[in-house]
Amino acid sequence: MAEQGTTGAGGATAGGYDPQKIEAKWQRRWAEARVFESEADPSKPKYYVLEMLPYPSGTMHMGHMRNYAIGDVVARVKRMRGFNVLHPMGWDAFGLPAENAAIKNKTHPRIWTNNNITQFEKVLRRFGFSYDWRREISTCEPEYYRWNQWFFLRMLERRLAYRKKSLVNWCPKCCTVLANEQVVNGGYCWRHEDTRVEMREIEQWFLKTTAYADQLLDDLKQLEGGWPERVTLMQKNWIGKSPGAKVKFAVAGAAGAGPVEIFTTRIDTIYGASAIILAPTHPLATKLLEGSPTRSEAAPKLAKMRQTSVKTEDLATMEKEGFFTGRYALNPFNEEKIPIWVGNFVLMEYGTGAIMAVPAHDQRDLEFCRKYNLPVRVVVQPLEGEELSAEKLGTAFDEHTEGKLVNSGPFNGLSPEEAIAKMTVLAEQKGFGRGETIYRLRDWGISRQRYWGTPIPVVYCAKDGMVAVPDKDLPVLLPPNPKLTGEGESPLASTPEFVNTTCPKCGGPARRETDTMDTFVDSSWYFYRYCDPHNDKAPYDSEKVGYWFPIDQYIGGITHAILHLLYSRFWCKVMRDLGLIKHSEPVARLFTQGMVQKGGVAMSKSLGNVVGAEEMAQKYGADTGRLYTLFAAPPEKDLEWSEESIEGSWRFLNRVYRLIKRHAGSVRAVKGGKADAVSASDKEKTLLRKAHQTLRRVTSDFETRWHFNSAIALVMKLTNDIYEQEPLEQGVRPEVRKEVLELLTLMLAPMTPHLAEELWEMLGHGEGLWKVSWPAFNQELAREEQVEIPVQVNGRLRARMKVAVGSAEADVVRLALELPAVAQHVNGKRIVKQIYVPDKLLNLVLG
RNA sequence: GCCCGGGUGGCGGAAUGGCAGACGCUGAGGACUUAAAAUCCUCCGGGGAUUUUUCCUCAUGUGGGUUCGACUCCCACCCCGGGCACCA
């Protein structure tokens, strides 16, 4: 750490810019004046800006910081714009790392967590973010998690929470179950990317996200324009809606086996089905082989395929393979006998685990059927172009909007769309099929066999079975002293004082549920709690939430594009159906900021490439740290941390400080009186013009474009321009200096708030800058008198010239032709066309 | 394979059809200083001509196209990052 006055970073000389002093001073003043505390007030326009709540672990680094710096600029700009701003902060405090750390350090997860929260909060306060700290919440507190339990009970009542035995993803390192969404890279744990997820069959709690699948999909339309397209697209893919039909095929001549039910989105092509293909793990596969003529050949193949089909990551590269079961199915539409195969590319988890192969109209089926010499039959012909022939077909014709049916009995001549409708109806009438839409989205498995989470409020009684804990008994508290080993059964299960309880119904002995909830439950609704954080009667007051919601701007990493943001949307819809809120989407606008990297990879403790936020604050001050993360890259892009570049931001702030300090005395003496352009000197006009031009562009960069980096560049440029006019004592009246320097200060305020306050005070204001509105741009003062027009000949730049603003085209052309550089290139040739963009450019096109 | 992003000096990046490289970093040179730090000034994409002033030319991943004019719009391709991945 640099000593003050010795090296660059700490180089505050006596009377110079001293961020440590200034920042502490203004943070104190803001707290005293309660500047960032806001209340719901329907008479004022509101703005709810929020950064995703952090999981407090390790040290806060500049990656975290950047997220909050972006949010704080938005919050401060909106405040200056007169909005009643809600800008809260809290802690995602439950979770495995706390428990693992507790096991390792032989302490309690609460102690570890609270230490981290203390650390994180200290750093956030050190950076002067404009949070309403009264609203701080921590999800591991009973005051918070009791409402997780309350919501769970509401969902239980509505059968949106249910229990079922299921094959689950089990991470041996976490010693717990993972949601599908937490399994990454085709079978690895999202927290331990080197650890393979195992499959285990366990009794689990689920929330019925699939009940909202259509709404989750349809309401994405409401988010258009407000959310990044790639996020809504990822959610759309994740939900994976496929409208289609299920059709039962009877199995020919196998006693007790069948029927086989398949799922298809193209029932219209069913007359072209060449085979039924089962997933290797389909229960019928084994059954059909019993007594099959090809049994001896097929059985070993099936056994082999069942083993290999587990490895999902190989699916993409895996050769499509299959074998004949020796059995046949009957196409219910035409009683055709088609072979039943087993194929390694058919997934048991999707649809019914069985498909019909229609080679002429599905590329994958075509490849499979060609490989095994299964027949190909065209049943849809294109409306235009050459007629398809089954023999020559190399690419399947899978168009379903343009075409007409052939070889399809009574359906010949129909369009595929018509055929889908009619054939589905027929299947339903005859009872062998029905229209059905399937989804990739699964119900949300929320059970975790760990301690540090919300206990699921349910007990099991020998007499009454599963009984919900009554609301009045909430919260079900975590036992204070669990045995944490990280091995074996869940810690709650091995804590008798927790497990043993009485049945709320009969009073007899009962056992508590020992699973805890996934921590994504906590983050699914926390932003509602901020509106009413201390309510002990309800999760929140609907009226307060009604005022603040939806969140006007949510800011966080793209990593939460599916998990957190999908669950939050689900939770919102459930709360709406409970009558608590009226809106259907919690977040109006979403911004996904880039990561801060060092050495090309994201900062992480394990890689040892973190740049600590607190260190930065000590070395350069919060304002320099904030400014740099905003300046170094546009907010949506990744930012490569550079120790050298941050010096530039530090230098700039010093430069501004010196400039204003130099003129503070003369500016302070100014008594009222706005600067105007009428009596101004050239030097004054230049300064006022540049200041107001900068203001115009900075305003738009802040509000509409979010180009904070170029906004800063503009303010830097303005600072350079003012320096260029030095000494201001010559030819610049104090009131003009005042206006220009005040604008400079106000434009910096959202980004470097401490310094801006200090400068504002130096310029003679007794009241805090926090009371000041964003300045109004003055068009009159910004107007240029002369503009430089580039002159092109045949589109190539040949000269520039100064003309009065608003000059007539003819005059501009005449002046341009007088320029030697232009005349030389025109060289007497005829001008066939001249393009004049007023005050912008002239292009002369020669014949 | 499919779907999104992205590709501009030594580096981070500006420029949303109108002067490519704003602003910052790095580097070089200079001023101030006993000296250093800090500060201030000048230069900084390539090639060429001219030599002390400029001028020409090439250049925004590659190749085409639209346009008076393209980093920007269109088509094809290459590379990098991310997401999905036999979804029936």
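Protein chains get the first letters and strands the later ones, always in sequence-line order, with residue 1 at the start of each.
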Return the value, rounded to whole Å, for the distance between atom [atom1] of [X] and atom [atom2] of [N].
{"X": "A:Gln597", "N": "B:G12", "atom1": "CD", "atom2": "P", "result": "12 Å"}
{"X": "A:Met348", "N": "B:C86", "atom1": "CE", "atom2": "P", "result": "16 Å"}
{"X": "A:Glu788", "N": "B:G18", "atom1": "CD", "atom2": "P", "result": "17 Å"}
{"X": "A:Ile789", "N": "B:G18", "atom1": "CD1", "atom2": "C1'", "result": "11 Å"}
{"X": "A:Lys637", "N": "B:C11", "atom1": "NZ", "atom2": "C1'", "result": "13 Å"}
{"X": "A:Ile239", "N": "B:C87", "atom1": "CD1", "atom2": "P", "result": "19 Å"}
{"X": "A:Ile558", "N": "B:C4", "atom1": "CD1", "atom2": "P", "result": "15 Å"}
{"X": "A:Ile831", "N": "B:G69", "atom1": "CD1", "atom2": "P", "result": "16 Å"}

Exercise. Heavy-atom count around A:Lys248 NZ within 6.0 Å, excluding the residue itself: above 12?
Worked result: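 Counting neighbours around NZ of A:Lys248, 12 or fewer heavy atoms of other residues, nucleotides or ligands fall under 6.0 Å, so no.
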Exercise. Is the number of heavy atoms from other residues, nucleotides or ligands under 6.0 Å of A:Arg697 CZ greater than 12?
Worked result: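 At most 12 heavy atoms, drawn from other residues, nucleotides or ligands, come within 6.0 Å of this atom.
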For this session: Using Watson-Crick or G-U wobble pairs with both distances under 3.5 Å, give me RNA chain B in dot-bracket, 5' to 3', with [ ] for crossers and | for pairs to another strand.
Result: (((((((..(((.....[....))).(((((.......))))).(((((....)))))..(((((..]....))))))))))))....
Side-chain H-bond candidate by donor/acceptor type, [X] with [Y], under 3.5 Å:
{"X": "A:Gln235", "Y": "A:Arg569", "value": "yes"}
{"X": "A:Glu229", "Y": "A:Trp227", "value": "no"}
{"X": "A:Ser242", "Y": "A:Tyr350", "value": "yes"}
{"X": "A:Tyr439", "Y": "A:Asp214", "value": "yes"}

In whole angstrom, give me the gap between the [atom1] atoms of [N] and [M].
{"N": "B:C56", "M": "B:G21", "atom1": "P", "result": "16 Å"}
{"N": "B:U72", "M": "B:U16", "atom1": "C1'", "result": "6 Å"}
{"N": "B:C73", "M": "B:U67", "atom1": "C1'", "result": "10 Å"}
{"N": "B:A14", "M": "B:G24", "atom1": "P", "result": "15 Å"}
{"N": "B:C79", "M": "B:G69", "atom1": "P", "result": "32 Å"}
{"N": "B:A20", "M": "B:A70", "atom1": "C1'", "result": "11 Å"}
{"N": "B:U8", "M": "B:G61", "atom1": "C1'", "result": "10 Å"}
{"N": "B:A37", "M": "B:A31", "atom1": "P", "result": "14 Å"}

Could you check whether any side-chain N or O of [X] sits under 3.5 Å from a backbone N or O of [Y], counting only pairs where one atom can act as donor and the other as acceptor?
{"X": "A:His825", "Y": "A:Ala821", "answer": "yes"}
{"X": "A:His282", "Y": "A:Leu284", "answer": "yes"}
{"X": "A:Arg364", "Y": "A:Ala357", "answer": "no"}

Assign [X] to base, sugar-phosphate, or nothing according to its heavy-atom contacts below 4.0 angstrom with the strands shown.
{"X": "A:Asp365", "result": "nothing"}
{"X": "A:Ile835", "result": "base"}
{"X": "A:Gln834", "result": "nothing"}
{"X": "A:Val832", "result": "nothing"}
{"X": "A:Pro634", "result": "sugar-phosphate"}

Tell me whether the side-chain N/O atoms of [X] come closer than 4.0 Å to OP1 or OP2 in [N].
{"X": "A:Arg705", "N": "B:A15", "result": "yes"}
{"X": "A:Arg364", "N": "B:G1", "result": "no"}
{"X": "A:Lys833", "N": "B:C68", "result": "yes"}
{"X": "A:His361", "N": "B:A88", "result": "no"}
{"X": "A:Arg798", "N": "B:U57", "result": "yes"}
{"X": "A:Arg230", "N": "B:G81", "result": "no"}

Exercise. Pick one for B:G9: is it syn, with its angle within 90° of 0, or anti?
Worked result: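 That one's syn.
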Seminar exercise, completed: With B for base contact, S for sugar-phosphate-only contact and - for none (protein heavy atoms under 4.0 Å), nucleotides 49-54 of chain B reads ------
Seminar exercise, completed: Under a 4.0 Å heavy-atom criterion, the protein footprint on nucleotides 22-33 of chain B, written with B, S and -, is BBSSS-------
Problem set entry | Partner set under salt bridge (Lys or Arg N to Asp or Glu O under 4.0 Å) for A:Arg689, not counting sequence neighbours |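 So A:Arg689 forms a salt bridge (Lys or Arg N to Asp or Glu O under 4.0 Å) with A:Glu784.
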Hey, are [X] and [Y] close enough for a salt bridge, meaning a charged N less than 4.0 Å from a carboxylate O?
{"X": "A:Lys802", "Y": "A:Glu788", "result": "no"}
{"X": "A:Glu349", "Y": "A:Arg440", "result": "no"}
{"X": "A:Glu261", "Y": "A:Arg434", "result": "yes"}

Exercise. From B:A85, B:U39, B:A88, pick the nucleotide closest to the side chain of A:Arg440?
Worked result: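 Comparing B:A85, B:U39, B:A88 against the side chain of A:Arg440, the answer is B:A85.
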For this session: For the side chain of A:Leu841, starting at C-beta, report the closest nucleotide among B:C56, B:A88, B:G18.
Result: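 Ranking B:C56, B:A88, B:G18 by closest atom to the A:Leu841 side chain puts B:G18 first.
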Exercise. Does A:Ala632 or A:Thr265 map to a spot on RNA chain B nearer the 5' end, using the closest nucleotide for each?
Worked result: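 The residue closer to the strand's 5' end, by nearest nucleotide, is A:Ala632.
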For this session: Name the residue closer to the 5' end of RNA chain B, choosing between A:Gln792 and A:Asn237 according to the nucleotide with the nearest heavy atom.
Result: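 The answer here is A:Gln792.
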For this session: For A:His361, enumerate each residue passing the ring-ring contact (aromatic ring centres under 6.0 Å, His included) test, keeping only those at least two apart in sequence or located in another chain.
Result: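 Per chain and number, A:His361 pairs via ring-ring contact (aromatic ring centres under 6.0 Å, His included) with no residue.
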Problem set entry | Qualifying residues under side chain to side chain donor-acceptor pair (under 3.5 Å), relative to A:Asn720, sequence neighbours excluded |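 Checked A:Asn720 against side chain to side chain donor-acceptor pair (under 3.5 Å); matches are A:Arg655.
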